[in-house]
Student: 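Can you keep this structure in mind? I'll have questions shortly.
What you see is a predicted model; the values in this text were computed from it and never measured. In what follows, every chain begins at residue 1, and chains take the letters A, B, ... in the order their sequences are listed.
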Amino acid sequence: MSGYNGTILRINLSKAEIKKEKLNQKLAQKFIGGRGLGTKIFYDEVDPKIDPLSEENKLIIAAGPLSGTFTPTGGRYMVITKSPLTHTIASSNSGGKWGAELKFAGYDVIIIEGKAENPVYITINDDTVEIKPAQEIWGKITSETTDYLVNKEGKNVKVLNIGPAGEKLSNIACIMNDYDRAAGRSGVGAVMGSKNLKAIVVKGSNKVGIAKPDELKDFVKILQQKIKDNGVTGAGLPAYGTAVLVNIINENGVFPTNNFQKSQFDKAEDISGELMAEKYLVKKKGCFACPIACGRQVKMDDKEVGGPEYETIWGFGGDCGISNMEAIIKANHLCNEYGLDTISASVTLATAMELFQNGKITKDMTENTPLVWGNDDAIIEWTKKMGLREGLGDDLAMGSYRLAEKYGMPELSMSVKKQELPAYDPRGIKGQGLAYATSNRGGCHVRAYLISPEILALPEKLDKFSLENKPVWVRIFQDLTAAIDSLGLCLFTSFAVNAEEYAKLYSLVTGIEKSQEDILMAGDRIWNLERMFNYASGLTQADDILPKRLLNDPISEGPAKGHVHELNKLLPEYYKLRGWDENGYPTKETLQKLGL
Amino acid sequence: MKIRVKLFATLREGRDKILDLDLDKNNTIEDVIKQLKIDKKDIAILLKNGLDTNISDILKENDTLSIFPPVGGG
C-alpha cells in the first residue's frame, strides 16, 4: 500500500524495549493516518480514565499517508495522547521537516509507552532505533538541545524535543521540532516530560512509495498553481504571514483585548503583520514541500529567530494590552525555548493580569515585575518564570483555569474545557463560538476555522452575527479539518484546495480510490471517535460551554457592540445534525453508519 | 463630505495606509475605489464602520471604509 510505510514503531521506555509492528492496513484506510489513525490506536489501547501524567498514558506520534511526499505541504505529523490540561484527547499538529523525515526512516506511527527511569532520548536511523541517556541535555532549552543533538548525531538529523516546561510537567508545555515549529496545544510536552523523554532524533534514507507517480506529478502542478493564484495562499500569507490577520480581526471589532474585557485594541497597527514585515522580517520560511511559506524569520536584537504567529501576537499583544512588537517577539522566542504553547501561555498571563487588576494576585507576589496591562517587561519576565516554574511562575504553568481557580475567580479563565481560547471574540462571530464550545480538544480555532467564511469571505461570505446555518458549517469544517490533519497536510491548503482534490491526492498517492464523500465521512468518523474518548474520560455535554463572560456580558464597544454568544440556540441543532442524542453522545445508528 | 479610507496588506503598496477624502454627497464605495485606482478583483473584504458592506453602498459624512485584499491565516 503506497503512501503508508506499513510499520509502527513501539517503544516501551519502562522496559527499554523497541518493537516494530505491522500497520493494520484496513484500519489505516478507515482512519486515513495522522490524527485519525493515531486516535484509533490510542482509543483501542488506553483506558480513558488514566491520569494523563502517569506511566499508563501513551504518546502517539503519527504522520499521514501524504507526509513525506511531494504533495503541497505534505510533511506534517500529529501527537495524540490524553491531555493533562483538558483531560480530553489531545491531538497537536506540527509542520517543519521532522514528520517527513519519520516517513523517510520507514515508519508511519511511533507509540511511546511507560516511563524511563532516567532522562533519555531516542534516535531513529532507518532500521536502527536506540534509547540513549539524556542527562547532559536535561534542563536545556530547545535550541541548545537541538544544537547538541545535531552535533552529536549528525548534521542531517531532524530533532523533536521538549524544553524545561515539558520536563517540569507544565500543563501548557508543547513539543518543538526543527527549532521553531511546535505541536503546541493541550500540554503534549508535559506527557513527553512525564516519560522522562527529552527528544526524538530522526534520520531516514528511503522514499515514500507513490501508487501513480506520473499522474500525481501532473495533479500536484495544477494544485501548486491554484495555491499560487489564490489571494490568501499566493499573496497574503507569503507576504505577511499569519500576522496579516491582526488588522482585519481588529477592524471587525472581534480582537479580544485585556483578557476579553474589550474587543478592539486601539494600538493594533503597532503589532500588525504589515508592521512586522516593514520593521522585523528578515526572510520567509517554509515547511517541507510547502509552496506557501507563511513562516517568518525576524530580527531580535542582533539575532535572527522564528517570528510570532497571529495568535501569539494577539495573546501577548492585545490580550495583555501590549503594543510593543519587540517584547512580543521576545516572549514568543522564550516560549519556543522553554517549550510553552504560545496561546495558552499568553492567555494565562492575561488571566493573571486580570487577577492582579482584581487584587487577587498582589504586588508582593509579582516581585519587581507587576502583572499590569501593557507592561512589556511582564510578558518577558513571567514567560521565563512560567517556563522554569519559579515563584508565581509555578502557578502560571498550570494554565489559566487552574490559576484563576486557585486565586478564587475561575470565571476569569477564557477557556473551553480548561484550554485557553485563541484570538477571535466569539460574541461577534457566532459560528466560531459554536466551534470553540464543541471542539474535542477544548478552546481551539483549528478544529473548525469558521473565521474563514464569517470574516474572510472564504469560500463565501457569511453574516458573522447570524445564527442561521452555522451548525451545518461548523460540522463540515470539523469533518474536513479532521481529514486534512489525518492526510498529513497543512490546514492552510484548504484556502485553495477542496475536498474532492484532497480525495484525489489520497487516491493517487495510495492507489486506494476515495471520493470526496469518503474523505468527509472519515473526518466524521474521527470526530465521533474523539467525542467517544472524551465522554469515556468523564466529560459531558455540560463541557460544551463558553466562558460566562462571553455568554452574559455584551461586547462594550466597537462594531460588534451589544453582542453576546447565543450558544444554547445553536447546540441542539448541532447535536441533531451530528446524529447525537440530547446528551451530545452519538446514537447507535450514528455509530453503526460510521463503522464505530 | 469627509470620509476616511483605511487600506491594508498589499493594498498599501504605492498608497498611503490612511486617506482622508473629501467627497460629493451620494458617492458609493465603488466611486472611492475608482478614485484610488484599486482593481476591484484585488478586494476581498469591505467594512464600513467595521461592519460588512458592499461596493454599491452609499457613503455618508464621517464614515470609515476599510478595504482588504484576500487575507487568511490562523
Student: Output the option from G72(B), P70(B), A44(B) having the highest count of non-hydrogen pairs under 4.5 Å with chain A.
Tutor: G72(B)

Student: Side chains of S272(A) and Y240(A): do they bring a donor and an acceptor to under 3.5 Å?
Tutor: no

Student: Where does F68(B) contact chain A at under 4.5 Å (heavy atoms): side chain, backbone, both or neither?
Tutor: side chain

Student: With a 4.5 angstrom heavy-atom cut-off, is it the side chain or the backbone of L456(A) that approaches chain B, or both, or neither?
Tutor: both

Student: Which atoms of I455(A) are under 4.5 Å from chain B, going by heavy atoms: the side chain, the backbone, both sets, or neither?
Tutor: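 Backbone only.
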
Student: Please identify, among I248(A), N252(A), T242(A), the residue contributing the most non-hydrogen atom pairs under 4.5 Å to chain B.
Tutor: I248(A)

Student: Report the relative orientation of the aromatic rings in F265(A) and F255(A); use parallel for angles under 30°, tilted for 30 to 60°, perpendicular for over 60°.
Tutor: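 Parallel: the ring planes of F265(A) and F255(A) meet at under 30°.
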
Student: Scan side-chain atoms only and decide if S439(A) and Q419(A) contain a donor-acceptor pair under the 3.5 Å cut-off.
Tutor: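 Checked: S439(A)/Q419(A) side chains show no N/O donor-acceptor pair below 3.5 Å.
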
Student: Describe, in one word, how the ring planes of Y424(A) and H445(A) are oriented to each other, choosing from parallel (under 30°), tilted (30 to 60°) and perpendicular (over 60°).
Tutor: tilted

Student: Under the salt bridge (Lys or Arg N to Asp or Glu O under 4.0 Å) rule, what pairs show up with a residue in residues 3-12 of chain B, not counting sequence neighbours?
Tutor: E251(A)-K6(B), E269(A)-R12(B), R4(B)-D20(B)

